Amino acid sequence: QRMESNVVHELINSVMRHIESSQANILLVNEYAKKVNMDDKTRSELVMDEFMRTFLSVAGKDKIISEDTVKNYSTSSPIHYFVLSSFFIVMISWLLVMYHFLYQEEASRMTERMRLYGVTQLQQIIARIIVTLLVVTIFSGAAFYGMVKVVSFDLYREDIVRIGLICLLFSAVYLIGLAMIEMIIHAPRIRLLIHAVYNVALMILSGALIPAIYFPLYMQDMLTYVPAYEALFWLQEILLNERLHAEYNQLLLYGSVGIVVLIVLSLWKERVRG
């Protein structure tokens, strides 16, 4: 009975491997649920859901169809969605207006004087970015408080911290983009036009004006690399989907790369002037 014994042995090993893999997945889900401070009831439901998926997959094999539901917040929660989108658009507009408000077109003589005092263009731009961030943060905080009062959002203190970090990181990335355009383009009118196009493009690509779910599939895959889309996505996940965590790595990466590029452009421009 050597052949039958080998078949039974391989069958048992296959079943044991599948059980070990299923247990590992369930334990991993449970461990990550604990790390994000998920309450016990929700965590138990999540673990049970993962267990049922595994059980049905084993029982039905190829007959089970896995189904995921895609939520369209613009239709399921239209008021909350468009209020959040309006807040995001207003925040971007404030960043552009405040950045240009601090910029003086007659700065040719002033720039020369600043250079005599040892102040570089990069230092002036960084100072403008910091002041813009401070002012817009105050305005955005007041607008967000009003939005929460008008439209009911279930928020905890941790949610507010996450939302603040996302808005701050995105604002920094956005302003760095404006600064890089300023470094490259010298003509004031053309620079203002490019800034306006940059502003409108981010509004559209973020999904604030047109929900991203209505874009073609190939564009939806590309939108994940747009900072504005990434920021609005996590704001929607926290406010509309009650997500208990957020990812900041992509925005931090964009900000770090932007700072390096801005420094390189500044050094190159100073060298050309010199």
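Everything quoted here is computed from the prediction, not taken from an experiment.
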Open item on the list: Testing the basics here: between Ala246 and Arg162, what is the closest heavy-atom pair and its distance to 0.1 Å?
Closed with: N-CD, 4.2 Å
Task: Worked verdict on Leu155 versus Leu239 for side-chain contact (heavy atoms from CB on, under 4.5 Å) - done: CA-CA 7 Å; Leu155 293 177; Leu239 290 171; 3.3 Å; yes
- [ ] Would you kindly confirm whether Val257 and Leu267 end up in one hydrophobic cluster when ILVMFWY residues are joined by side chain heavy atoms under 4.5 Å apart?
- [x] yes
Open item on the list: Please determine whether residues Val200 and Leu192 belong to a single hydrophobic cluster, defined as Ile, Leu, Val, Met, Phe, Trp and Tyr linked transitively by side-chain heavy-atom distances below 4.5 Å.
Closed with: no
Open item on the list: Set out, in order, the CA-CA distance, both residues' side-chain angles and the distance that settles side-chain contact (heavy atoms from CB on, under 4.5 Å) for Leu251 and Tyr248, then state yes or no.
Closed with: CA-CA 6 Å; Leu251 292 175; Tyr248 314 104; 5.6 Å; no
Task: Non-hydrogen atoms of Tyr229 and Leu205 that approach each other most closely - done: CB-O, 3.7 Å
Open item on the list: Nearest 0.5 Å, please: how far is CG in Leu193 from CZ in Arg191?
Closed with: 12.0 Å
Task: Closest non-hydrogen atom pair, Ser171 against Met91 - done: OG-SD, 4.1 Å
Open item on the list: Could you see if Phe88 belongs to whatever hydrophobic cluster contains Val173? Use Ile, Leu, Val, Met, Phe, Trp, Tyr and a side-chain cutoff under 4.5 Å.
Closed with: no
Task: Gap between atom CD1 of Ile79 and atom CG of Leu84 - 0.5 Å precision - done: 13.5 Å
Open item on the list: Has His195 got a side-chain atom pairing as donor or acceptor with Leu178's backbone, closer than 3.5 angstrom?
Closed with: yes
TODO: Go through the side-chain N and O atoms of Glu182 and Tyr99 and say whether any donor and acceptor fall under 3.5 Å apart.
DONE: yes
TODO: Any chance you could measure Trp234, atom CH2, to His245, atom NE2, to the nearest 0.5 Å?
DONE: 4.5 Å
- [ ] Measure the spacing between CG of Leu95 and CG of Leu133 and express it to the nearest 0.5 Å.
- [x] 7.0 Å
Open item on the list: For Val83 and Val150: C-alpha separation, side-chain torsions, deciding distance, then whether side-chain contact (heavy atoms from CB on, under 4.5 Å) applies.
Closed with: CA-CA 10 Å; Val83 167; Val150 174; over 6 Å; no
Open item on the list: On a heavy-atom basis, which atom in Ala208 and which in Leu232 lie closest, and how many Å separate them?
Closed with: N-CD2, 3.6 Å
TODO: Mark yes when over 12 heavy atoms from residues, nucleotides or ligands other than Ile190 sit less than 6.0 Å from its CD1; otherwise mark no.
DONE: no
Task: For Ile210 against Tyr214, the heavy-atom pair lying closest together - done: CG2-CB, 4.5 Å
TODO: Indicate yes or no for a side-chain donor-acceptor contact from Ser266 to the backbone of Leu262 under 3.5 Å, with no hydrogens or angles considered.
DONE: no
Open item on the list: Does Met48, at its CE atom, have more than 12 non-hydrogen atoms belonging to other residues, nucleotides or ligands within less than 6.0 Å?
Closed with: no
Open item on the list: For the aromatic rings, using the six-membered ring if either is Trp, is the centroid distance between Tyr174 and Tyr198 under 6.0 Å?
Closed with: yes
TODO: Using the ring pair (Phe, Tyr, Trp, His ring centres under 6.0 Å) rule, pick out the option among Phe87, Trp94, Phe144 that qualifies with Phe139.
DONE: Trp94
TODO: Test side-chain contact (heavy atoms from CB on, under 4.5 Å) on Ser93 and Met203 and set out the steps.
DONE: CA-CA 9 Å; Ser93 302; Met203 288 182 182; 3.2 Å; yes
- [ ] For residues Phe170 and Ile92, determine if any side-chain heavy atom of one lies less than 4.5 Å from a side-chain heavy atom of the other.
- [x] yes
Task: Check: Phe215 main-chain N/O paired with Gln220 side-chain donor or acceptor under 3.5 Å - done: yes
Open item on the list: Are Leu235 and Leu209 linked, directly or through intermediate hydrophobic residues, by side-chain heavy-atom contacts shorter than 4.5 Å (ILVMFWY only)?
Closed with: yes
- [ ] Quick one: closest heavy-atom pair of Ile166 and Ala231, and the distance?
- [x] CG2-O, 3.7 Å
Open item on the list: Has Glu247 got a side-chain atom pairing as donor or acceptor with Glu230's backbone, closer than 3.5 angstrom?
Closed with: no
Open item on the list: What's the separation between atom CD1 in Ile263 and atom CE in Met183, rounded to the nearest 0.5 Å?
Closed with: 9.5 Å
Task: Hphob cluster co-occupancy, Val260 + Trp268, side-chain heavy atoms under 4.5 angstrom - done: no
- [ ] Calculate, to the nearest 0.5 Å, the distance between atoms CZ and CD1 belonging to Arg128 and Ile126 respectively.
- [x] 11.0 Å
